[in-house]
Amino acid sequence: MRLVAVSCCVPRNSVSAEAVYERFGQEEVQKIVRNSGVRARRIVAPSVTTSDLCFESAQALLDASGWDRSSIDAVVFVTQTPDYGIPATSHILQDRLGLSDRTFCFDVNLGCTGFTHGLLLGEGLLDGLGMNRVLVLVGDTTSRSCSQWDRSVCLLFGDAGGAVLLEREGPQQVAGRVWGADGSGALFIQRPASGFRHQATAESFVLKETEGGNRRSDMDTVMDGAQIFNFTIKRVPPMVNDVLAKAEWTADEVDAFVFHQANKFIIDYLRRKLKVPAEKAPTCLEEFGNTSSASIPLTMVTRMREQLEAGPAKLVLVGFGVGLSWSSVAMQTEGVRVLPLIEV
Amino acid sequence: MTKAEFIEELAIILNEDPENVKPETEVESLAGWDSTGLLGVIALLDGDLGVSVDVDGLRDCRTVGDLVDLASVKLD
């Protein structure tokens, strides 16, 4: 599999941490920002969905590639904020993007590991089903699925949608793959009334006071940060060492470790544990927040464009979080086309 | 790391004057014992001491002494 091109789209509306001083108090917000590293986030208008952001990314990518749109064999749309419960949003994107009626479309419900899982699924479609070209779309508009009165989430998450083009032709770029799941922690990040286990009623929309004075409804995303951190520090360092071993690479020869942009505290901790210098672990969360499955492509677009376009690069991509899930891909890219950040 | 050093590290993480942090100190009385402080304590236990953390067990701790007990196998 070859990573041909990548693009990302964010809403133009940037909301700074200062903007919520009034809501939560300056001291409290500053304390959260010191920990999370998130100084600003991009927030969509209430009418904009993840698929709108991914559509812009994909449209630009397909235009730039010069490929005939009928040559796209599959659309994988990874999101936790789809347009509808039914149908899968990938079909809506197939139509909007003018792709052929032979396109294989499906949605995947993942966040933090969405990009790395998405790449692996893309590779599986190319190798397993003999496809030639796959479009993987990732992203979330988490601002629309969390309470603006819950400082444990609303100061952290930003909105973004990314797209990558994968092709079977060309050198095999993937050198190592690792993945895993631990459903015993499935509810550590969840939206309680978002499905059929606890089907939404009028009561589900009512904001309720919870721990620490946060307010949210059962329709909102709730996250147990301590459990997620604890899971991450147990699972991610061994995973990264495992993917390096599978690729037969040393950490020193890796050009960049691109971590899911969970928060600064977690990334700093992982860097120290893995002895990865800061210059080899680019971050974009300070400007865009935790952008869920779009965080790795957004880091590529906003922090690694020259490096990726210039020539060969050995990358270790690292996803971890909701599910609980984790996956990592070691790949040697070669002259990836990286489009400038799209703002809408 | 000795028990005294561990308590001093806890104090720094939880934004308290080490003089005020004793084994009998109730964790709820510490200003930094919140969701952010919890991450720091997990990092101290896991990263610096190699103690595998059970978050529910950590949340059940009532005093600084309970936190010391979690770390005790790795303390000098």
Side-chain angles (χ1 to χ4, degrees), chain A residues 17 24-25 27-38 150-156 182 184-189 210-214 216 222-238 262-276 290 321 324, chain B residues 1 5-21 25-76:
Chain A
F24 300 115
E27 197 179 327
E28 177 70 8
V29 171
Q30 285 175 341
K31 183 177 152 193
I32 292 169
V33 170
R34 268 198 303 279
N35 198 266
S36 71
V38 178
D150 182 350
R151 62 194 188 288
S152 70
V153 287
C154 82
L155 287 167
L156 182 65
D182 177 6
S184 72
L187 301 185
F188 291 160
I189 306 178
T210 62
E211 79 295 327
N214 288 314
R216 63 175 167 264
V222 53
M223 179 173 72
D224 186 331
Q227 292 282 15
I228 296 298
F229 177 63
N230 199 36
F231 140 77
T232 300
I233 64 182
K234 278 192 176 64
R235 295 291 189 178
V236 176
N263 67 48
K264 182 177 183 295
F265 189 84
I266 287 181
I267 291 178
D268 285 350
Y269 188 92
L270 293 174
R271 274 203 309 99
R272 280 200 306 276
K273 192 107 176 173
L274 291 161
K275 299 187 171 58
V276 172
N290 175 336
L324 302 167
Chain B
M1 189 182 289
E5 285 166 343
F6 178 74
I7 292 179
E8 192 174 336
E9 286 290 327
L10 275 178
I12 293 166
I13 289 165
L14 300 174
N15 266 332
E16 277 291 338
D17 183 344
E19 291 291 309
N20 298 335
V21 181
T25 306
E26 295 206 357
V27 292
E28 292 290 347
S29 72
L30 303 170
W33 184 255
D34 57 11
S35 55
T36 308
L38 214 53
L39 300 191
V41 176
I42 294 170
L44 173 65
L45 287 166
D46 178 276
D48 297 357
L49 292 169
V51 175
S52 185
V53 178
D54 168 52
V55 174
D56 292 331
L58 183 59
R59 286 186 171 130
D60 284 342
C61 287
R62 293 285 160 254
T63 65
V64 169
D66 293 341
L67 294 173
V68 173
D69 287 345
L70 287 182
S72 59
V73 287
K74 296 294 174 90
L75 295 177
D76 301 332

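Lettering of chains follows the sequences in order, A, B, ..., and the numbering in each one begins at 1. Keep in mind the model is a prediction, meaning the values are calculated, not measured. Computed from heavy atoms alone, side chains included, the values below leave out hydrogens, waters and symmetry copies.
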* **Shortest non-hydrogen separation from Ala226(A) to Leu38(B) and the atoms involved** =>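 That would be CB-CD2, 3.7 Å.
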* Mind checking ring pair (Phe, Tyr, Trp, His ring centres under 6.0 Å) for Phe24(A) and listing every partner two or more places apart, or none if nothing turns up? =>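 Scan of Phe24(A) (ring pair (Phe, Tyr, Trp, His ring centres under 6.0 Å), adjacent residues dropped) gives none.
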* Check ring pair (Phe, Tyr, Trp, His ring centres under 6.0 Å) between Phe265(A) and all other residues, then give those that pass, not counting sequence neighbours. =>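 Ring pair (Phe, Tyr, Trp, His ring centres under 6.0 Å) check on Phe265(A) returns Phe229(A).
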Quick check - list every chain B-chain A donor-acceptor pair under 3.5 angstrom, one line each.
from	atom 1	to	atom 2	distance (Å)
Asp34(B)	OD2	Lys31(A)	NZ	2.1
Asp46(B)	OD1	Tyr269(A)	OH	2.9
Asp46(B)	OD1	Lys273(A)	NZ	3.1
Gly47(B)	N	Tyr269(A)	OH	3.0
Val53(B)	O	Asn230(A)	ND2	2.8
Val53(B)	O	Lys234(A)	NZ	3.1
Arg59(B)	NH1	Asp224(A)	OD2	2.9
Arg59(B)	NH2	Asp224(A)	OD1	2.7
Arg59(B)	NH2	Asp224(A)	OD2	3.4

* Which of residues 67-76 of chain B get closer than 4.5 angstrom to chain A, counting heavy atoms alone? -> none
